[in-house]
Amino acid sequence: MGILKLVLRRLALGVLTLFVVSLAVFLLSQALPSDPARAVLGREATEENVAAFRAQYGLDQPMIKQYTTWIKGLLSGEPGVSYSNGEPIMDFLGDRIKNSLFLMFMGSLISIPLSLLIGSYAALRRDKTFDNANSVSSLILAAMPEFVLGAFLVVLFATNVWNIFPATIRIRPGEPPWSDMKGMILPLLTLTLAVTPYVSRVVRASMIEVLESDYVEMGRLKGLPERTVLWRHAMPNAIGPTFQVMALNVAYMAGGVVVVESLFNFPGIGLAMRDAVRDVNIPVVQFLAMFISFIYVITNLAADIGTILVTPRLRTRLS
Amino acid sequence: GSDEEGATTETTAAGGTETTAGGTETTAGGTETTAASGEGKKGGTLRVAVVGSTNDIIDGQYIVAKPDQFRLVMGWEPILCYDSDFNISYEHALAENVETVAADHYIITLKSGIKWHNGNPLTADDLIYSFERRLDPDLGLAPALSQLLDVSGLTKVDDLTVDIKLKQPAVTFLNGLAEYTATIVPKGYTREDAEQIGTGPFKLKSFTPGAESVHVRNDDYWGGAPLLDEVQIIDFADAAAAVNAFTSGQVDAIMDLPYAQAEAVKGNGDLTLMVSEAGSWLPITMAIDQAPFDDVRVRQAMRLIPNREQMVQQVLSGFGSVGNDMYGKLDGSYPKDLPQREQDIEAAKALLAEAGQENLTIDLFAPDDTAGLPEMAAAFAEMAKEAGVTVNVKVLDGGTYWGEQYTKYTFATSFWGTRPYLNQVAAGSLKDAVYPETHWPPADSDFADKYAAAIAETDQEKRYALIKEMQTEEYEDGGNIIWGFNNLLDAHANYVMGLEARPNMLNLDHFGRGMKRVWLDV
Amino acid sequence: MSTVDTPPPTAATPQPVRKPDGVFKVALRMWRTRIGVVLLVILVGIALFGPYFAPYGEQEFVGQPNTRHVEGTLLGTDYFGQDVLSRALHGGRSILLLAVASTALALVFGVAIGLVAAYNRGRLDDVLMRSMDISLAFPQLLLALVALTTIGPEPWLIVAIVAITTTPRIARITRGAAVPVVERDFVGAAEALGESRTRILWSELLPNVSGPLLVEANLRLTYSIGLIASLGFLGFATRVNAADWGLMVNENRIALSVQPWGTVLPAIAIALLTVGTGLIADGLSRASAGIDRAKGDQ
Amino acid sequence: MSEHVTLDIRDLRIEVDGTGNDIVDEVTLQVPRGQVLGLVGESGSGKTTVGLAVLGHARKGVAISSGSIEINGRALLSRSAKDLRAMRGSLVTYVPQDPSMSLNPALRIGTQILEVLEHHGFGSSQQERRERVEQVMTEVALPNDRDFLRRYPHQLSGGQQQRVGLAMAFACRPAVIVLDEPTTGLDVSTQSHVLATVRDLCHQHGVAALYVTHDLAVVANLADRVAVMYAGRIVEQGPTKAIFDNAQHPYTRHLTAAAPDINSDEPVIGLRGRAPAPGKRPAGCAFALRCELVTDECREQFPVERPVLRDHLVRCFQAGRGERLTPAQTPVSVRRDSESAPALQIRHVDAAYTGHQVVHDVTFDVPRGQCVALVGESGSGKTTLTRSVGGLHREWNGEILLDGVALARSSRDRPTAQRLSIQYVFQNPYSSLHPRRTVGESVSRPLRVAGASAREASHAAAEMLERVSLTAAYASRYPDQLSGGERQRVAIARALVCKPSVLVCDEVTSALDVLVQAAVVELLVGLQRDLGLSMLFVTHNLPLVRSLAQQVVVLADGKVVEAGPTEQVLTRPEQEYTQRLLADTPSIAAALAAD
Ligand SMILES: Nc1ncnc2c1ncn2[C@@H]1O[C@H](COP(=O)(O)OP(=O)(O)OP(=O)(O)O)[C@@H](O)[C@H]1O
Ligand SMILES: Nc1ncnc2c1ncn2[C@@H]1O[C@H](COP(=O)(O)OP(=O)(O)OP(=O)(O)O)[C@@H](O)[C@H]1O
Ligand SMILES: [Mg+2]
Ligand SMILES: [Mg+2]
């Protein structure tokens with residue numbers, strides 16, 4: 001009951017967040033000085049073409065009307081049609097969303113356990129060789145912008161030095177995202193290298209705090225084996241604070257895949273977003289903005305619930 | 001920005017006017033153009049990398065971005081075409097013959113026995129529908145054609161013959177028929193058709209904008225079945241990704257190889273570089289009726305500013321040729337005898353001083369969606385400094401740049417494809433041109449009258465005389481700074497046979513005319 | 001006055017004034033911080049003074065584009081026939097200034113919001129922090145893409161965007177650090193004296209969150225550099241053909257195999273700059289953690 | 001002592017790792033079966049370090065360098081990590097100071113007790129272990145039902161948490177148990193329950209206990225023997241009675257003189273200065289710097305341990321010498337000007353936190369020139385009430401009058417003169433000073449805020465620092481360079497610098513050592529006498545009230561239970577609540593008398 005109430009409250013907050021974001025997205029796209037009709041139709045377009053375009057996509061309607069139509073569409077699962085080819089957005093984004101979600105899922109699947117492992121091990125070996133080496137190398141990795149990292153990986157593994165992995169990924173339309181796992185390797189590697197350092201640093205910090213706590217020392221004074229102290233006494237307490245960071249990183253991946261996707265020609269929402277922004281394809285921009293915010297809200301919600309579940313203090317307060 | 005240079009432009013080559021007089025002559029069936037023609041291995045899939053986006057379309061008669069050209073050429077064929085010397089030809093075209101009855105009266109006869117992808121025969125009705133579709137003002141596919149023709153001028157003579165009466169005499173009409181977008185689509189065709197039917201060597205199997213299109217062999221192709229089983233045109237988000245895919249062997253060929261990669265490809269024994277001369281150009285445009293360019297001396301001074309060799313080096317990495325403020329490079333009428341204009345800062349300064357514009361400061365506009373234009377503007381600005389002119393480059397997003405302000409800028413940049421001289425005048429150098437970027441001609445000039453006379457003149461010599469006068473006027477007083485023409489740069493793996501680098505209007509040897517004689521030597 | 005006072009010698013002669021070691025001082029004892037400082041000084045030096053040592057102008061044509069060996073150049077030419085070395089020497093200033101400006105702006109707003117929220121608690125805290133959460137939900141890069149494509153890559157806009165997207169993060173950290181400080185009694189003492197709210201925020205709270213703030217500011221600077229470089233990479237520079245490390249990587253990336261310097265040099269510069277600030281941030285965070293632990297012991 | 005010695009520590013030396021500086025040296029202690037040894041000494045003297053060493057454990061950065069520890073004749077220090085682990089938690093166990101920090105927040109308490117049994121292979125079956133858990137819960141007087149065992153630590157009160165700690169320690173029936181200040185932070189009634197439990201368990205099960213504390217009253221009540229530690233050395237040890245009645249070492253005598261007792265009205269006597277930290281210890285006697293009997297010999301060499309009686313040992317050249325310690329000044333001669341209006345009147349005050357009322361209709365006066373002690377258990381609303389007086393807590397109703405003038409709710413709404421004439425001293429000297437301001441800046445701050453010039457303010461500050469027996473030279477120091485007692489003096493100086501008429505002190509000594517506490521109390525008594533201050537003194541330390549206050553107000557659950565002159569309330573309490581409170585308060589005098 002208690003959890004349910006809290007989840008509902010968070011959910012309400014999430015809905016509020018999405019509402020405010022939708023307003024912002026809408027107003028921002030209204031403020032675009034560039035005329036989408038012109039941008040889409042190109043310099044060939046005649047005045048009539050432009051007028052027809054505006055009528056077709058309801059751009060001649062009053063703002064409030066446009067907003068409510070849009071929101072209604074979003075809620076009913078029909079977020080509108082793309083300006084560039086008149087196709088329903090979901091038709092041509094559906095696959096891309098699947099692809100990007102798969103990329104994010106795989107990225108998290110690799111980077112989260114990896115950062116937990118690295119972070120805890122560094123905490124255990126605090127100020128020893130592994131910790132120092134890890135701290136410096138993770139710092140360098142974290143500090144390097146992804147595009148630099150990715151470009152180096154391509155030169156190293158795909159084109160100039162060793163030609164072992166494909167330089168770009170090719171997921172054919174209609175095929176599942178795992179149809180080119182070999183091509184997945186470099187994008188995943190880039191993403192993992194970009195995300196893991198940050199999370200593992202947070203895990204390390206959180207783990208160190210726990211390892212220094214009185215109850216861990218007490219565990220040792222009770223004569224428990226180090227293994228038990230670590231996995232039973234330290235881990236459950238260290239993991240709670242890292243949920244937020246993991247969530248933040250999943251959300252980051254959602255918004256930040258643009259770079260990775262353009263490096264590896266990955267057919268995902270990041271590229272769609274870049275195209276849509278360049279082509280002033282407003283319905284697509286709006287939809288993607290909402291989608292990414294949605295992911296953010298959902299992962300945060302999941303992190304909140306996760307934190308509560310592993311933290312008895314929070315869990316029991318509710319019941 | 002995208003690099004659909006030549007996008008939204010109907011490209012035509014010069015030299016076509018030659019055949020207008022005796023347009024009835026044909027050189028049907030000539031196949032000697034393709035070096036590797038004749039036999040080749042059957043089968044295989046050709047994968048070609050292009051830079052594309054979700055904005056790409058497939059339409060039998062229209063393109064938005066450059067990959068659309070490729071996809072159009074794979075499935076549809078034009079009424080006429082050019083041979084490798086830019087003479088009008090019937091070889092890859094659907095017309096058996098086009099008879100010039102008068103400068104405003106033509107009769108088109110189609111080749112017989114040509115079948116659509118669905119097995120139906122190609123007829124005069126399809127031809128008439130194709131003209132009607134291009135003229136449809138709602139679709140706005142061919143604004144230049146609409147100035148010459150309306151649907152009432154089309155008359156079906158028999159199943160393969162159509163009689164055409166123009167609204168006004170225009171010997172350029174034939175050139176129009178040889179444009180690659182002047183195709184014939186089946187009656188009732190629309191862009192939304194689930195099955196995209198054409199007469200071309202490959203049938204469209206699937207198309208996902210921003211991802212790929214797949215084209216399979218048309219076994220019933222009228223010119224003999226092509227060799228490849230399948231052609232995949234794969235979209236890449238940017239040129240770097242496309243190059244990586246090409247050099248790591250994920251694709252067999254690449255359209256528009258970035259200049260930077262030319263040397264690398266040349267040095268790689270497994271890859272073949274294709275450098276094709278073309279007639280397309282990137283001008284800096286001055287509105288001749290707006291200050292300070294309403295003073296002809298300022299225009300002349302500006303044209304003396306660029307170091308043209310350096311511009312070709314810098315903007316085109318040397319893959320191009322120096323321009324002489326004159327377009328229509330591949331046209332037979334191109335004035336090779338006009339002295340090459342060189343950089344002359346002192347003369348420019350003097351002219352500016354005379355005009356009272358010593359410390360001129362001016363904004364130069366460029367769009368962000370056309371590769372090369374902002375950089376070209378920047379390079380020009382750098383050179384202008386020497387002449388004491390401060391040029392501020394203003395980059396606008398494509399949508400804004402080509403919007404309401406377009407053709408109203410005082411000082412701007414643009415791009416044009418390959419066209420014969422007169423066709424280009426109609427497109428850009430008349431008050432009622434499609435895109436009057438320079439607002440040419442001046443109010444007191446008889447340039448427009450000369451154009452009207454030239455376009456109605458079927459005698460080539462007389463026409464050339466008129467053209468020469470027009471060219472000289474533009475060369476002296478015009479508003480375009482044309483510093484060079486760019487080449488087309490493509491590349492393919494050595495095992496891709498049947499593509500040749502030669503002067504051309506479209507990439508990849510005019511996309512191998514639909515890749516019909518291309519094969520894989522593996 | 002008091003009874004059995006055998007005045008302890010230590011009390012009678014207090015030691016000479018020693019300010020408690022600041023985070024900086026402690027951090028500087030660590031090698032990582034020193035290396036970071038050295039890197040930062042070098043890179044900032046290059047960014048600020050590099051243009052004076054550049055053999056060629058920022059946009060000067062020196063020869064055949066994308067060529068490694070061009071006479072008169074050390075590292076060859078870039079995509080536009082310009083000297084790679086000179087471009088790299090010119091290209092740090094803007095990225096650095098933009099990053100510093102946007103981080104500074106974000107600090108001002110983030111700290112103000114965070115402190116006000118922490119001090120006032122209750123409703124205002126809720127409202128402020130919720131709105132920070134909401135703005136975090138807005139995809140950062142998307143905002144940047146949309147704004148830059150529409151308004152154009154103006155310097156002020158880049159600063160504004162980076163600042164806007166950074167502010168909520170700083171506000172959160174500040175609030176987190178300030179909440180325990182608000183609980184401490186010296187804040188109560190100041191309140192009892194009737195000090196004004198602004199004074200309390202400014203002189204009671206701020207100095208006591210400076211440790212974590214310094215770390216965060218440095219971290220944010222690192223990210224801002226990365227973000228601005230990424231924007232350059234995605235094609236948004238403040239001027240056409242401007243020398244800008246991020247933009248240079250993008251422009252010359254395509255020639256990576258032909259003329260690696262055009263990409264590698266600016267990439268190294270960006271990496272060293274961010275690694276430098278990152279190392280400092282790391283040192284600071286370790287130092288302030290150490291200092292806080294020491295305080296906690298008492 | 002002999003064969004029935006269970007815990008035998010000999011010549012223990014513990015160093016700061018890598019520096020060779022001793023934290024603890026020459027520690028030799030024995031605890032027989034069933035006995036409790038109290039280990040006392042001021043903060044930092046090394047008690048915890050010794051306690052942990054008994055489990056073969058040293059904190060990070062610390063290393064046991066020499067000496068031996070035997071339990072039931074089995075040597076401990078030479079063992080492998082695995083052997084040690086097997087002994088810890090079963091043969092020798094530990095009860096930490098802060099149960100709320102040492103119980104794992106993520107595990108149920110039942111699990112935490114059970115796992116000790118499991119890991120040490122207690123009993124032969126899980127069933128047997130479960131039964132032992134239930135049994136030990138009963139032993140520490142906690143419910144043993146399933147529901148209770150399934151609770152998490154945070155679902156227990158502080159006293160219950162400490163009993164869970166005890167249960168964990170007694171679960172395996174250890175031979176030795178180390179208790180490190182297990183009752184600090186508990187209120188008197190809980191403390192008295194926990195102490196009773198410890199005593200019973202040790203006696204019943206024949207456990208040898210090392211009880212670490214700095215609360216002498218607790219030691220007097222619980223320990224059979226007492227060892228006094230100073231700067232890492234045992235300076236005196238002997239039977240409890242002997243240590244209190246016949247202290248030989250000057251330091252021990254200071255300790256006992258500083259401890260307030262509920263049953264004695266002798267004023268407490270403080271001792272200034274600090275024990276030298278590890279690495280800064282002098283060659284001779286470590287106490288030489290603070291000792292009034294010091295001789296040259298003391299400065300040169302550390303005396304060896306020598307017996308006074310058979311089992312009463314001391315390390316001092318001057319053992320047994322010196323006069324009885326007496327306060328230098330006479331007790332406060334309070335001006336009872338009952339005619340003049342009270343300095344502070346509290347009338348029907350209710351206070352609440354967001355609507356939840358915690359103070360109910362409190363009414364009392366603070367007469368001019370007198371000290372009123374506000375006592376009560378934790379959570380009774382003492383702080384809330386005093387914060388309302390200071391204008392720091394705003395959610396209150398009723399009337400608070402200063403010199404007959406009603407005060408506004410918030411300090412912000414009060415005129416400057418009013419703000420300055422009520423001053424507040426906070427409980428924790430570590431959090432009440434701005435860490436980045438010098439002492440001088442902190443002390444002159446109130447005057448600066450009131451509008452004084454920088455020179456005036458710093459002059460006044462210097463004067464006030466002298467007044468609280470800190471030299472003006474302290475003005476340029478930062479708080480982290482001061483001891484707790486010095487900090488509290490600075491806080492008092494800051495409160496007094498604007499010459500208030502009422503001083504509100506909230507548990508100003510609870511974070512301090514007995515010796516320091518005594519010194520601060522002396523200071524306050526002196527100030528009250530010399531300046532005629534009116535004081536509201538909040539504490540839960542009833543013995544302290546004796547030394548300081550003329551009036552006592554007892555608060556329970558936010559209501560006034562009893563109020564009156566100190567003597568009357570502490571010796572003849574009328575209310576049952578007060579009586580119980582007094583009964584639970586451990587008393588040295590009573591404990592010694594009982595023996
Ligand atoms: N890890 C460590 N490194 C160096 N010195 C330490 C360390 N831990 C404790 N010390 C020092 O050892 C001395 C003894 O500390 P210990 O905790 O044993 O004192 P204590 O008597 O238990 O004090 P308290 O009453 O405050 O608990 C102190 O001076 C302390 O500063
Ligand atoms: N900030 C707060 N919000 C809500 N309730 C509070 C707050 N502070 C204290 N309380 C509650 O008010 C009651 C009185 O607390 P107060 O701090 O005045 O007690 P106290 O007598 O000073 O206790 P102690 O001796 O532990 O300091 C307690 O029940 C406490 O839980
Ligand atoms: Mg201790
Ligand atoms: Mg209190």
Side-chain angles (χ1 to χ4, degrees), chain B residues 1-2 51 237-244 246-248 257-268 307 309-319 364-369 371-383 385 391-401 413, chain C residues 56-70 76-84 86-87 90 145-155 157 231 233-244 247-263 267:
Chain B
S2 75
V51 174
D238 60 20
V243 165
N244 286 338
F246 178 59
T247 48
S248 69
L257 184 76
Y259 298 136
Q261 285 294 325
E263 285 304 311
V265 170
K266 238 192 251 172
N268 186 330
N307 177 339
E309 302 284 345
Q310 185 187 321
M311 291 287 273
V312 170
Q313 277 299 318
Q314 209 177 347
V315 181
L316 305 176
S317 281
F319 292 99
L364 174 55
F365 290 88
D368 67 354
D369 64 349
L373 294 192
E375 289 84 0
M376 166 183 93
F380 180 83
E382 195 69 12
M383 293 169 185
K385 272 188 205 157
V391 176
N392 297 317
V393 179
K394 299 269 190 255
V395 178
L396 306 178
D397 73 283
T400 308
Y401 187 88
T413 56
Chain C
Y56 296 99
E58 183 183 356
Q59 304 197 355
E60 198 173 330
F61 180 78
V62 295
Q64 171 83 31
N66 295 312
T67 312
R68 213 177 315 176
H69 306 288
V70 175
T77 54
D78 71 351
Y79 82 111
F80 214 51
Q82 303 158 127
D83 178 32
V84 166
S86 305
R87 295 275 284 177
H90 275 104
L145 287 178
V146 169
L148 289 176
T149 340
T150 53
I151 303 178
E154 304 285 338
L157 189 61
L231 289 178
F233 168 76
L234 291 173
F236 299 106
T238 53
R239 282 169 300 134
V240 193
N241 191 30
D244 172 299
L247 191 61
M248 281 175 75
V249 172
N250 189 33
E251 291 164 343
N252 299 311
R253 180 164 66 109
I254 213 152
L256 191 54
S257 55
V258 181
Q259 157 51 319
W261 287 119
T263 316

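Values in this document were obtained by computation on a predicted structure and should not be read as measured data. Reckoned from all heavy atoms, side chains included, excluding hydrogens, waters and symmetry mates. Reminder, nothing fancy here: chain letters follow the sequence lines and each chain counts from 1.
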Visitor: Let's test your reading of the structure: which of Ala255(C), Gly262(C), Gly57(C) forms the most heavy-atom pairs below 4.5 Å with chain B?
Guide: Ala255(C)
Visitor: Between Arg68(C) and Glu263(B) (salt bridge meaning N to carboxylate O under 4.0 Å), is one present in this structure?
Guide: no
Visitor: If you take all heavy atoms of Thr77(C) and Val62(C), which pair is closest and at what distance?
Guide: CG2-CG2, 3.5 Å
Visitor: Could you report the tightest heavy-atom contact between Thr413(B) and Ala366(B), atom names first, then the distance?
Guide: OG1-CA, 3.4 Å
Visitor: Compare every heavy atom of Glu60(C) with every heavy atom of Glu382(B), then report the nearest pair and how far apart it is.
Guide: OE2-N, 4.4 Å
Visitor: Give, as side chain, backbone, both or neither, the part of Met376(B) having an atom under 4.5 angstrom from any heavy atom of chain C.
Guide: backbone
Visitor: Do you know which of Gly63(C), Gly81(C), Pro65(C) has the most heavy-atom pairs under 4.5 Å to chain B?
Guide: Pro65(C)
